[in-house]
Amino acid sequence: QVQLVESGGGLVQAGGSLRLSCAASDRTFVSLAMAWFRQVPGKERDFVAAIDWTGDSTYYADSAKGRFTISRDGAKNTVYLQMNSLKPEDTAVYFCAASLEVVTTEATDYASWGQGTQVTVSS
């Protein structure tokens, strides 16, 4: 329902880093949870990371633990995903999402979605 715009994707070599940003169109929109998902052709949209409204609680997929960090800037209505030690298998379209519900790892629980930003990791 609320417009979310991702940016920061691009082409990077394996072992490199990228920081994705997701900005909400309206600062009056307050979400209880923000999350990142990713999707490749022929596969389902998979959970990557999530953060609650305070920023005190974060959640990560096993594939992201130790390499990715999710954070948010409430003043800017923006959520970030810092990705380090990138691998070719991280290649996907990354989507940000927002929910008024408690943070979950299920895509169907998120009502607002961005258009996605492409991340390509070369070997």
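What you are looking at is a predicted structure, and each value in this text was computed from that prediction instead of being measured.
For the pair T117 and V93, the minimum side-chain heavy-atom distance is 4.5 Å or more. By the 4.5 Å heavy-atom criterion applied to side chains, V121 and E89 are not counted as neighbours. Taking 4.5 Å as the limit, some side-chain heavy atom of I70 sits within range of a side-chain heavy atom of V79. Proximity of V119 to L18: side-chain heavy atoms (C-beta onward) are separated by under 4.5 Å at one or more points.
One finds no salt bridge joining D90 and K87 here, because no Lys/Arg side-chain nitrogen approaches an Asp/Glu carboxylate oxygen to under 4.0 Å.
Pairing each heavy atom of A14 with each of S123, the nearest pair is CB-CA, 4.4 Å. Between L4 and C22 the shortest heavy-atom distance is CB-SG, 3.8 Å. The two residues Q118 and A92 come nearest to each other via the heavy atoms NE2-O, 3.4 Å.
Put simply, the side chain of T78 gets close to the backbone of K76: a donor and an acceptor are under 3.5 Å apart. For Y110 (side chain) and V103 (main-chain N/O), no donor-acceptor pair under 3.5 Å exists by modelled atom type. Although no hydrogens or angles enter the test, the distance criterion places a donor-acceptor pair under 3.5 Å between the side chain of E6 and the main chain of Q115. Judged by distance alone, with hydrogens and angles left aside, the side-chain atoms of S99 form a donor-acceptor pair with the main-chain N or O of D109 at under 3.5 Å.
The line from CZ of R67 to CD of Q82 is 12.0 Å long, rounded to the nearest 0.5 Å. Atom CD of Q39 sits about 12.0 Å away from atom OH of Y94, to the nearest 0.5 Å. Once rounded to the nearest 0.5 Å, the distance linking OH of Y59 with OG1 of T104 reads 10.5 Å. Atom-to-atom distance recorded for Y80:OH and R72:CZ is 11.5 Å, nearest 0.5 angstrom. Residue C96 holds its SG atom at 10.5 Å from CG of L81, rounded to the nearest 0.5 Å. Here the straight-line distance linking atom CG of N84 with atom CZ of F68 works out to 8.5 Å at 0.5 Å rounding.
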Should R38 and S63 be marked as a side chain to side chain contact (heavy atoms under 4.5 Å, CB included) after you check the CA-CA gap, both sets of side-chain angles, and the distance that decides it? CA-CA 12 Å; R38 65 187 183 188; S63 61; 3.3 Å; yes

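Here the two rings, on F37 and W113, have centers that are under 6.0 Å apart.
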